[in-house]
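Contents: one structure, followed by commentary.
So that the names make sense, note that chain A is the first sequence line, chain B the second, and so on, each numbered from 1. Heavy atoms only: backbone and side chains are in, while hydrogens, waters and symmetry mates are out.
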Amino acid sequence: MEKTFKPKETEAKTYELWEKSGAFTPNIDSSKKPYTILLPPPNASGKMHTGNVLMIAIEDILIRWHRMKGIPSLWIPGTDHAGTETQITFERELKKIGKSRFDFDRNSLYEAIWKFVEDNKGLVDAQMRRMGASLDWSRYRFTLDKQVVETVCDTFKKLYDNGLVYRDDYIVNYCPVCGTTYADIEVDYKERSDPLYYMKYGPFTIATVRPESKFRDTALAVNPKDKRYKDYIGRTVKVQGLLGEVEMTVIADPEVDPKFGTGIMKVTPAHDPHDFELGKKHTLPVMPIIDLNGRMDFGWFFGKKDVVPKYMERAKKYHGKKVLEARAIMVEDLKAEGLLIKVDENYTHSVPVCKAGHDIEPTILPNWFIRVETLKKPAHEAVKDGEVKIYPKWREVTYHRWMENMHDWALSRQNVWGIRIPVWYEVSKNPNITASFLTSDGKVITGKLSELLLAYSLEELKAGLQRLMVPKEATYVFSKESPGKGFLQETDTFDTWFSSGQWPLVTLGYPDSPDFNYFYPTSVLETGWEILSKWVSRMIMFGVYLTGKPPFQAVYLHGIVRALDGRKMSKSLGNVINPEEYIEEFGVDALRMGLISGTANGKDFNFPRDKVIAYRNFANKLWNIARFMLFAFEKYGKDVPWYDTSLKKKLKPEDKTILKELSALVKTVDRNLESFRFAQAAEEIYDFVWHELADRYIEEIKNREDQEVCLSVLRHTVLMSLKLLHPFMPFVTEEIWQKIPGKFEELLITAKWPEVQT
RNA sequence: GGGUCCAUAGCUCAGCUGGUUAGAGCGCUUCGUUCACAUCGAAGAGGUCAUAGGUUCGAGUCCUAUUGGACCCACCA
């Protein structure tokens, strides 16, 4: 044996040994209750980050522990297509070569992204192997596997048949730059300073950051308790604006904050979520003024008759301008008209931004929706009633709050990369659908189907199709395949969380397969708390909806690994820790243990660099204990008897002490693992092995006469320690195990977990 | 605005259902290298457990308030 443990030289070999042994694939044994974990699928084209390593470490501990207990243990690997994120990454690559997604028709773009993902795929898988993850690779899934897509589409159909799917105009978080909508939970808010304009508005003064939207205001709102405006409620007032005089009704709503600005607000249902709600409540018309490219659209005004030429000139001036450009011009015009009263330059507020950091423009867009009211109730109750237990317990509040506030789920994404919604529109019946397509000579043409088909053939349009904008009253049919010649398929894809929300079902072959029947529902779902609402809640929802049973019995939420400086890791801060470097230097076992010992309580924690080093030293300590033992065996020269009860009478006090401590350790490790106290378990083993076994017991027996007794006790203790430690530090323990001659169990990974000796 | 968590040794943190002298890793001091390991061993210094009340025979651990910090959700005309 080498003087020190060299992780780099043995890790790959050891993993291969496990994989070849078939230990990762459990036997389906109907007499035993299985233990199952689904790996939260990382982004297929991504790379592992420290959070992934922690996730792998925890799940691997649970799986290896149960496997050694003789329980059929299944850990299913997979990767996610990560729709928006991947597409943004891909488009960034396109930009480098001077291209954009508009240079592709939909199918070619999809194929290009597929190829891009395929080229980058495999890195994550390789890294998972490197981490020692004892995943059953024979059951590997990707969220765009044919079978997964089929199941996801069937679920959509079922939801529709149950009346839970509808199409509607809706105010969505639309990003004009990305050309797509974002779910509420995908939107970030950025603190920013913008001028707050106080403008004259009929008899009132109102404050707004967005004067450009005023042309499509449909009401004014005040707080019903506000005495200042009491007399105006219900009345119609005349408002002189930049495009002439309009009439506006004053409504009362308790949502209006009398203390903000002047206490009176203008309502623009088409471009503000809050106003949209208000509009629905008071049945106000919804009138958009900003188009999907983020430009002002005054088309509605041009058709008007008897308009003063000055106003028409203005409308033409604003038309087609980007929001910010238009705003600047309007502010000048307001000044000129004497309508601008004052500007508060120091007003700060938070503005919604998309994943790529662009401003969100709340917009009205036809969208596919899921009605969540009936779906969320049983999912909510499953946790309330303890059918699904959440650890740590205090995280449960987040779940309940989310469930209580969850509103209908906007399902469509204007992404190409994803599962295309299995709905088809018959061209002849839907002339009002707007389509964008790429002509054979590379031009993008946009227009209504009825007009486009006069100049182009349907085949041409189909071949170059980029996207459809379908009015909500369009007729459609469900089908996974084309229902006929005259049909066009919806170009929107499902929200990524719609497919990943069905992960427990699609990985196990729902609705009917031996795996599904045996392994569903799974045992534990282990993931970061930040996707409790995005992902965990959806899985419970779909699990209960489709099978009547929640997909797992327990949820364990680990904390976020922060950088060394205690802040979130981010590229812009330059504090991102690359796990590979730590693996190279200290070994996988040390990195896993270091992270595990940081995660007590499921709280966020700083990357525990010192602990990684400490556990590297520990792996070496363990190595040297074994080395000492093998030397001692050699020196003794004869076969050391296996430890069993017949030896009891010959034991010295120190033997009895170490054996007693070992028994206590087995008990406490089991108990701690049962309640997800990984750090506690790890530290107790560490303490025992280092301080009791190495520092004390080994020193005590160095000069003993009865070597056969103490060496027998030593070997027993070492073997048991290796077993206890194996789930935590699989590589070094297996490597040592392989070096100890004459064992009954060939591989440590499948060796029998210690039981408490009485 | 609503909510969660945190405040314990110089640093990073453990301390589960309240119970004798409060723990770990790193750092620090002193000593020790043929004899498993310097990625080591032995000994040691260092904390009025944020503050103020309260419950209790007993509180770092439970309750209330205050201060400071991290984060989540919602809203922001």
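Contact annotation for A/D687: no contact, since no heavy-atom pair falls under 4.0 Å across all strands. Using a 4.0 Å heavy-atom cutoff across all strands shown, A/I613 reaches no nucleic acid atom at all. Counting any heavy atom pair closer than 4.0 Å across all strands shown, A/T398 reaches no nucleic acid atom. If you check every strand for non-hydrogen atoms under 4.0 Å, A/V351 touches nothing. Within the 4.0 angstrom heavy-atom criterion, no nucleotide atom of any strand lies near A/A619. Across all strands shown, A/E699 has heavy atoms under 4.0 Å from base atoms, whether or not it also approaches the sugar-phosphate. Using a 4.0 Å heavy-atom distance criterion, A/Y686 is classed as a sugar-phosphate-only contact. The residue A/D272 sits close only to the backbone: its heavy atoms come under 4.0 Å of sugar-phosphate atoms, none of a base. Across all strands shown, A/W623 has no heavy atoms under 4.0 Å from either base or sugar-phosphate atoms. Here A/A679 lies out of heavy-atom contact (under 4.0 Å) with every strand.
Rounded to the nearest Å, the gap between the C1' atom of B/rG15 and that of B/rU8 is 9 Å. Spacing between B/rU55 and B/rA65 at atom C1', rounded to whole Å, works out to 15 Å. Nucleotides B/rC26 and B/rG58, compared at atom P, are 39 Å apart to the nearest Å. Rounded to a whole angstrom, the distance from the C1' atom of B/rA7 to that of B/rG44 is 29 Å. Rounded to whole Å, the C1' atom of B/rG60 lies 12 Å from the corresponding atom of B/rA50.
In this structure, B/rA77 makes no Watson-Crick or G-U wobble pair, since no nucleotide meets both defining distances under 3.5 angstrom. B/rA14: no Watson-Crick or G-U partner with both key distances under 3.5 Å is found in any strand. Across all strands shown, B/rU4 pairs with B/rA70; the Watson-Crick or G-U wobble distances both stay below 3.5 Å. Using Watson-Crick or G-U wobble geometry with both donor-acceptor distances under 3.5 Å, B/rU51 finds its partner in B/rA65. With a 3.5 Å ceiling on both atom-pair distances, the Watson-Crick or G-U wobble partner of B/rG41 is B/rC31. In this structure, B/rG58 forms no base pair with any nucleotide, since neither Watson-Crick nor G-U wobble geometry is met with both distances under 3.5 Å.
The side chain of A/E683 has B/rA14 as its nearest neighbour among B/rA77, B/rA14, B/rC16. In this structure, the nucleotide among B/rA77, B/rC16, B/rU39 sitting nearest to the side chain of A/R677 is B/rC16. Comparing B/rG15, B/rC37, B/rG41 against the side chain of A/Q680 picks out B/rG15 as the nearest.
For B/rC13, the OP1/OP2 oxygens have a side-chain nitrogen or oxygen of A/N606 closer than 4.0 Å. When the side-chain nitrogen and oxygen atoms of A/K611 are compared with OP1 and OP2 of B/rA14, none of them lie within a distance under 4.0 Å. The side chain of A/N617 places an N or O atom within less than 4.0 Å of a non-bridging phosphate oxygen (OP1 or OP2) of B/rC40. Contact between the side-chain N/O atoms of A/K603 and the OP1/OP2 oxygens of B/rA14 is found at a separation under 4.0 Å. In this model, the phosphate group of B/rC72 is approached by a side-chain N or O of A/K568 to a distance below 4.0 Å at OP1 or OP2.
With hydrogens and angles ignored, no donor-acceptor pair closer than 3.5 Å exists between the side chain of A/R627 and the base of B/rC37. Residue side chain A/K3 does not reach the base of B/rA38 through any donor-acceptor N/O pair under 3.5 Å, judged by distance alone. Within 3.5 Å, a donor on the side chain of A/K621 pairs with an acceptor on the base of B/rC37, or the reverse.
With hydrogens and angles disregarded, a donor-acceptor distance shorter than 3.5 Å links the side chain of A/S675 to the backbone of A/R671.
Taking atom CZ of residue A/R562 and atom C1' of nucleotide B/rC6, one finds them 10 Å apart after rounding to whole Å. Between A/L714 atom CG and B/rA36 atom P there is a gap of 13 Å when expressed in whole angstrom units. Summarising the geometry, the separation between CD on A/E404 and P on B/rA74 is reported as 14 Å, rounded to the nearest angstrom. Nucleotide B/rA36 holds its P atom 15 Å from the CG atom of A/L693, rounded to whole Å. Note: CH2 (A/W402) to C1' (B/rC71) measures 17 Å, nearest angstrom. A straight line from NZ of A/K667 to P of B/rC16 spans 20 Å, rounded to a whole angstrom. Nucleotide B/rA77 holds its P atom 9 Å from the CG atom of A/L196, rounded to whole Å. Straight-line distance from the NE2 atom of A/H271 to the C1' atom of B/rA77: 15 Å, rounded to whole Å.
Of all heavy-atom pairs between A/W529 and A/G602, the closest is CD1-O, 4.4 Å. Taking every heavy atom of both residues into account, A/L242 and A/M330 meet most closely at CD1-O, 3.9 Å.
Ring orientation note: the planes of A/F5 and A/W623 are tilted relative to one another, at an angle of 30° to 60°. In this pair, A/F678 and A/Y556 present their aromatic rings perpendicular. The plane angle is above 60°, beyond the 30 to 60° band. Between A/Y399 and A/H380, the ring-plane angle classifies as perpendicular under the 30° and 60° cut-offs.
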Verdict with supporting geometry, A/E654 and A/R704, salt bridge (Lys or Arg N to Asp or Glu O under 4.0 Å): CA-CA 11 Å; A/E654 60 259 34; A/R704 273 203 10 203; 3.0 Å; yes

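Mapping A/S597 and A/D695 onto RNA chain B by nearest heavy atom places A/S597 closer to the 5' end of the strand. Of the two residues contacting RNA chain B, namely A/A221 and A/W394, the nearest-nucleotide position lying further toward the 5' end is that of A/W394.
Aromatic ring centres of A/Y686 and A/Y615: separated by under 6.0 Å.
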